Protein chains: 4
Amino acid sequence: MSSVGQTIADLRRTVAELHGELTRYGLVMWTAGNVSARVPGEDLMVIKPSGVSYDELTAATIVVTDLHGELVEGDMSPSSDTAAHGYVYRHMPEVGGVVHTHSPYATAWAARGEPIPCVLTMMADEFGGGIPVGPFAMIGDDSIGRGIVETLRDSRSPAVLMRNHGPFTVGPDARSAVKAAVMLEDVARTVHIAHQLGKPGDIDQDDVDRLHARYQNVYGQA
Amino acid sequence: MSSVGQTIADLRRTVAELHGELTRYGLVMWTAGNVSARVPGEDLMVIKPSGVSYDELTAATIVVTDLHGELVEGDMSPSSDTAAHGYVYRHMPEVGGVVHTHSPYATAWAARGEPIPCVLTMMADEFGGGIPVGPFAMIGDDSIGRGIVETLRDSRSPAVLMRNHGPFTVGPDARSAVKAAVMLEDVARTVHIAHQLGKPGDIDQDDVDRLHARYQNVYGQA
Amino acid sequence: MSSVGQTIADLRRTVAELHGELTRYGLVMWTAGNVSARVPGEDLMVIKPSGVSYDELTAATIVVTDLHGELVEGDMSPSSDTAAHGYVYRHMPEVGGVVHTHSPYATAWAARGEPIPCVLTMMADEFGGGIPVGPFAMIGDDSIGRGIVETLRDSRSPAVLMRNHGPFTVGPDARSAVKAAVMLEDVARTVHIAHQLGKPGDIDQDDVDRLHARYQNVYGQA
Amino acid sequence: MSSVGQTIADLRRTVAELHGELTRYGLVMWTAGNVSARVPGEDLMVIKPSGVSYDELTAATIVVTDLHGELVEGDMSPSSDTAAHGYVYRHMPEVGGVVHTHSPYATAWAARGEPIPCVLTMMADEFGGGIPVGPFAMIGDDSIGRGIVETLRDSRSPAVLMRNHGPFTVGPDARSAVKAAVMLEDVARTVHIAHQLGKPGDIDQDDVDRLHARYQNVYGQA
C-alpha cells in the first residue's frame with residue numbers, strides 16, 4: 001500500500017472511532033452529526049457516509065472525497081454536510097479536522113442566535129473567550145462553509161454556533177475537533193444552567209488572555 | 001413456514017429489537033411505551049405485550065393482533081394502546097409503523113398543549129415544520145386513534161403531541177417511526193432549552209419547505 | 001431450610017437486585033437510597049445495610065430486622081432509614097415493599113414542599129392523582145414513618161414527598177414500590193419541565209378517576 | 001518493595017480507579033478533573049497526569065509528586081492543578097484526598113458566585129450546611145490552593161465552589177473526597193431544580209446541626 005493509502009486507511013479507522021465519542025457524550029442522536037479529517041498534503045478528506053447508524057460505522061464505511069465533496073473512495077454517499085467540511089479545508093489550511101453535531105445546549109444557544117459568554121476559566125482555557133454565532137445558512141451550496149470560515153476567522157474559538165442549526169468545531173486534527181465539540185457542549189450546558197437562576201460574573205479580558213495562553217502552552221503532555 | 005408467517009416472524013424480531021432504541025435514548029421508563037408494525041398486505045399488526053419489562057421483550061413475547069386489537073398470535077395480552085395503533089393503520093394506509101412514548105420533553109409540551117415551533121433546520125428536515133398538538137382523549141375507545149389521525153392528516157409532521165398524555169409517531173415502517181420518536185424528543189428538548197433563556201428565531205416558511213424537500217430526497221443512501 | 005428461611009433468602013436476593021433499578025434509572029447516587037420488603041406473615045423485613053456501595057450489594061449483604069429495626073440476621077448495620085420502613089409496615093398492613101430515594105426532580109418538589117399536580121394521564125394511571133407532600137421530620141425516631149403513613153392514608157398515591165428530604169414509595173411488594181419510585185421521578189421531571197415554560201392543563205377529576213380505575217384493572221398481564 | 005513503596009503502589013491503583021467514579025456520575029468530560037491522595041506520613045501525593053484520557057488512566061500512568069508539585073515518580077507531567085492540591089495538603093494536615101471537577105450544576109453555582117443554601121436533609125448530613133464560594137483565582141501560582149484553604153477553614157463543608165471555575169472537595173482519604181464531589185453535584189442539581197419553580201424552604205440551623213452530628217456518628221458500618 002502506498003504511503004498515502006496507508007494514511008487514508010489510518011484516518012478512516014480514526015474517524016470511525018471518533019464518532020464513538022459523539023455518542024458517548026450524548027452529542028448526537030440516531031445518524032445526525034459527522035466527523036471528518038483532512039488527508040495531509042492531499043486535496044482529500046475522509047468523512048462519515050450519509051444517514052448511516054453509529055452502530056454500523058466502521059473504517060470500511062467511511063468515505064474519501066475531494067475538497068469539493070466528490071466521492072473518491074468508498075461505496076456510500078458522503079455526509080450531506082460534506083460541502084461545508086470541504087469549504088473549511090479549502091479556506092483554512094491550518095484545520096485538519098471538522099466536527100458537526102446538534103448537541104442540545106449548544107444548539108439551543110444557536111437557535112437564539114446568542115453567543116456563549118466567557119464566564120468559566122475552562123472556556124478561557126479551551127476557547128480563548130466566548131463562542132461566536134455564525135449566520136443562518138441553507139444546506140446545499142457554499143453558504144454553511146462560508147459562514148463557518150468567516151465567523152472563525154475573527155475569533156480564537158475553534159467552535160461556531162450556526163444560527164438555527166447547530167455547532168461546528170475545528171482543530172489541527174480530527175481528535176482536537178471532537179474534543180472541542182465535547183467541551184463546547186459542556187460549557188454551553190453549564191453557562192445555560194448558570195443563567196437560569198441569575199447572571200454569572202464575567203472574567204476580565206486580561207485574565208482570559210492569560211488563561212488561554214497558559215493552557216495552550218502548558219496543559220497536557222509535552 | 002408460509003411467506004406471511006416468515007414476514008410476521010421477522011417483524012416480531014424487528015419490533016422487539018426496536019424497543020431497545022427507546023431505552024437507549026431514554027424515551028421510556030419501566031414498561032411504558034410501545035412500538036408496532038403493520039404486516040404488509042394483511043389486516044394485522046405486531047405489537048408489544050402490555051406491562052412487560054424491556055429486559056424481557058423478545059420476538060417470542062411480541063404479539064400479533066388484527067387492526068381492531070384482537071389477539072391473533074402470541075401468549076400475552078397486547079399493549080393497552082393497541083386500539084390506538086390499530087385505528088392509525090386502518091385510516092392511514094401509508095403508515096407501516098407506530099410508536100408511543102412518554103419521553104419527558106415531548107410530553108412536557110403535550111402537557112401544556114403547546115405545539116413545538118420550527119426553529120431548527122433539523123426540524124424542517126425531519127418534520128417539515130412544527131410538531132402539532134392532538135386533543136385530550138381517554139384510553140379505551142377510538143378517541144386516541146382518531147385524535148392522532150385527524151391531527152397528522154393536516155400536517156407534514158410524522159409526530160403528534162397528544163394533550164396531557166405524550167407523543168405518537170408514525171412512519172412507512174417501524175424503524176422510521178422509532179427514528180421520528182428519537183428525533184422528536186431531541187428537538188423537544190433543544191427547543192425547550194432555547195426558550196428557557198429567551199426566544200429562538202423563526203425560520204422562514206420558504207426555507208422550511210426547501211430544507212424539507214431536500215432532506216426527503218437527498219439525505220441518506222440511495 | 002425452613003419455608004420462612006427460604007422466603008427470606010428469596011427476598012434478600014430480590015431486594016439486592018431491585019437496588020440495581022435505582023441506579024439504572026439514576027434515582028440514587030453513591031450509597032443513598034434503600035429498598036425493603038416485608039417478610040409475609042412475619043414481623044420481619046429485609047433491607048439494605050447502611051452506607052454500602054451499590055456495586056457491593058448482594059443477597060449476602062442485605063440484612064433482616066424486626067419491624068422496630070432490630071437486627072435479626074446479617075452481618076451489617078441496617079439502613080439509617082430502617083425505623084421509617086418499619087413504622088410503615090407496622091401501620092400499613094397492605095404494604096409489602098418500601099423504597100426511599102433522593103431522586104432529583106421528586107426531591108426538588110419536596111424541597112419546595114409543593115405537591116405535584118396531576119396533569120399527565122400517566123399520573124392518573126399510576127398514582128390516581130397528584131403526589132402529596134409529607135411533613136418535615138427528623139431522622140432517628142418515629143417521625144418520618146408517622147409522616148409517611150399519615151400522608152399516604154389520605155391519598156391514592158403510593159408516593160409521598162417528605163419535605164426538604166425526598167420521596168418514599170410503597171407497594172404490595174418491593175418491585176411495585178420500586179416501580180412507583182421510577183415512575184414518580186419520571187412524572188416529577190416531566191411536570192417540572194412543563195411548568196418551566198408555562199402552565200400545563202389540568203385533567204378533570206372524573207377523567208382521573210376513570211383512568212386510574214382502568215389502569216388498576218386492565219393494564220399488564222392477567 | 002519497601003512499605004512506603006507498597007503504599008504508593010496501592011494509592012496509585014486506588015486513585016486510578018476512583019477517576020472511574022467521576023466519569024460514572026458524569027462529573028467530568030474528556031480529560032478535565034482530577035483526584036489526588038496524600039501518601040500518609042510522607043510529603044508526597046499521587047495525582048492524575050495532565051491531559052490524559054480517562055480510558056488510559058491506569059496505576060502506571062498516575063504520578064507521584066512532592067507537596068510543591070515536583071515530579072518524584074512516574075513518566076508523565078502531573079495535572080495542571082497539582083499546585084492547588086499540594087497547597088491543600090501542606091495547610092490542612094487532616095486532609096488525605098482532594099478532588100477537582102467541572103461538574104455542571106456545581107460549576108453553574110460557582111459561575112454566579114452563589115453559595116448553595118442548605119435546604120435538603122442530605123446537605124445537612126453530608127456537608128453540615130450550605131456549600132461556600134471561594135475567590136476567583138488564576139491557575140499557575142498558590143492562589144487557587146489558598147482560596148480553597150481559606151474558604152474551607154471557616155466551614156463544615158468538605159466542598160468549595162471556586163468562582164468562575166468549579167468545585168474542589170476534600171476528605172480524610174481520596175474516596176471520601178470523591179464521595180463529596182458526587183454528593184455535591186447531586187445537591188447542586190436538586191437545589192437548582194428546586195429554585196427554578198420557586199423557593200425551597202430552609203431547614204432550621206438546630207436541625208442542620210443535629211442531622212450533621214448524627215450522620216457523622218451513626219451512618220454506615222462501624
Side-chain angles (χ1 to χ4, degrees), chain C residues 23 26-33 49-56 61 63 74-82 100-114 116 133 135-141 143-144 161-166 188-189 191-197 199, chain D residues 17-18 20-22 24-27 103 105 116-126 171 175-204 206-222:
Chain C
T23 54
L27 307 190
V28 292
M29 309 287 272
W30 210 253
T31 65
S50 182
V52 170
S53 154
Y54 290 103
D55 293 346
E56 292 162 14
T61 57
V63 300
D75 299 323
M76 307 185 90
S77 308
S79 162
S80 61
D81 295 302
T82 300
H100 173 46
T101 79
H102 298 142
S103 64
Y105 285 92
T107 301
W109 290 94
R112 287 195 309 275
E114 194 177 335
I116 309 177
V133 173
F136 179 79
M138 293 294 286
I139 290 180
D141 59 19
S143 57
I144 293 180
L161 305 169
M162 293 299 285
R163 197 178 287 257
N164 293 108
H165 185 165
R189 179 176 56 168
V191 179
H192 176 90
I193 296 169
H195 274 87
Q196 285 185 303
L197 298 182
K199 191 158 163 16
Chain D
E17 288 171 5
L18 282 170
E21 301 291 332
L22 304 189
R24 183 208 296 225
Y25 287 106
L27 307 191
S103 64
Y105 286 92
I116 309 178
C118 184
V119 297
L120 301 172
T121 54
M122 189 167 77
M123 293 183 71
D125 288 348
E126 180 73 26
R175 185 170 182 81
S176 305
V178 170
K179 181 190 179 190
V182 171
M183 303 305 265
L184 169 64
E185 180 63 7
D186 192 34
V187 301
R189 178 175 58 167
T190 298
V191 179
H192 176 90
I193 295 169
H195 274 87
Q196 285 185 303
L197 298 182
K199 190 154 165 18
D202 288 323
I203 304 179
D204 284 347
D206 276 6
D207 289 338
V208 171
D209 294 346
R210 285 164 58 206
L211 287 165
H212 185 59
R214 188 186 178 284
Y215 186 78
Q216 301 305 315
N217 297 321
V218 176
Y219 188 78
Q221 302 300 322

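It should be emphasised that the depicted structure is a prediction, and the values quoted were computed from it without experimental measurement. By convention in this document, chain letters (A, B, ...) are assigned in the order of the sequence lines, proteins followed by strands, and residues within each chain are numbered from 1.
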Between C:Thr107 and D:Leu120, does the side-chain contact (heavy atoms from CB on, under 4.5 Å) criterion hold? Intermediate values first, please. CA-CA 8 Å; C:Thr107 301; D:Leu120 301 172; 3.6 Å; yes
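- Of the residues considered (D:Asp125, D:Val191, D:Thr121, D:Val119), D:Thr121 shows the highest number of contacts with chain C, using heavy-atom pairs under 4.5 Å.
- Nearest heavy atom pair, residue C:Trp30 against residue D:Tyr25, reads N-OH, 3.0 Å.
- Among residues two or more places apart in sequence or in another chain, the side-chain hydrogen bond (donor to acceptor under 3.5 Å, both in side chains) test is passed with D:Asp186 by D:Arg189.
- The greatest number of non-hydrogen atom pairs below 4.5 Å with chain C, out of D:Met122, D:Arg210, D:Lys179, D:Gln196, is found for D:Lys179.
- Here the closest heavy-atom approach between residue C:Ala108 and residue D:Ile193 is recorded as CB-CG2, 3.4 Å.
- For the pair D:Leu197 and C:His192, the tightest heavy-atom approach, listed with the atom from each and the gap, is CD1-ND1, 3.3 Å.
- Counting all heavy atoms, side chain and backbone alike, C:Asn164 lies closest to D:Asp202 at OD1-O, 4.2 Å.
- Between the CE atom in C:Met138 and the CZ atom in D:Arg214 there is a gap of 9.0 Å [rounded to 0.5 Å].
- Contact count versus chain D (heavy atoms, under 4.5 Å) is highest, among C:Ser50, C:Ala32, C:Ala110, for C:Ser50.
- For a residue to count as touching a neighbouring chain, one of its non-hydrogen atoms must lie under 4.5 Å from one of that chain's; by this rule C:Ser79 does not touch chain D.
- With contacts defined as side-chain heavy-atom distances shorter than 4.5 Å, the pair D:Thr190/C:His102 does not qualify.
- In this structure, the portion of D:Glu21 lying under 4.5 Å from any heavy atom of chain C is its side chain and not its backbone.
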Please lay out, stage by stage, how C:Phe136 and D:Ile203 fare under the test side-chain contact (heavy atoms from CB on, under 4.5 Å). CA-CA 9 Å; C:Phe136 179 79; D:Ile203 304 179; 3.8 Å; yes
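- With a 4.5 angstrom heavy-atom cutoff, D:Lys199 touches chain C only via backbone atoms.
- In this structure, chain C has no heavy atom under 4.5 Å from any part of D:Met123.
- Summarising the local packing, CG of C:Asp75 is surrounded by 12 or fewer heavy atoms from other residues, nucleotides or ligands at distances under 6.0 Å.
- Listed here is the closest heavy atom pair of D:Arg175 and C:Ser53: NH2-CB, 4.4 Å.
- Every residue two or more places apart in sequence or in another chain that forms a side chain to side chain contact (heavy atoms under 4.5 Å, CB included) with C:Asp141 is listed here: C:Ser143.
- For C:Asp81, no part lies under 4.5 angstrom from a heavy atom of chain D.
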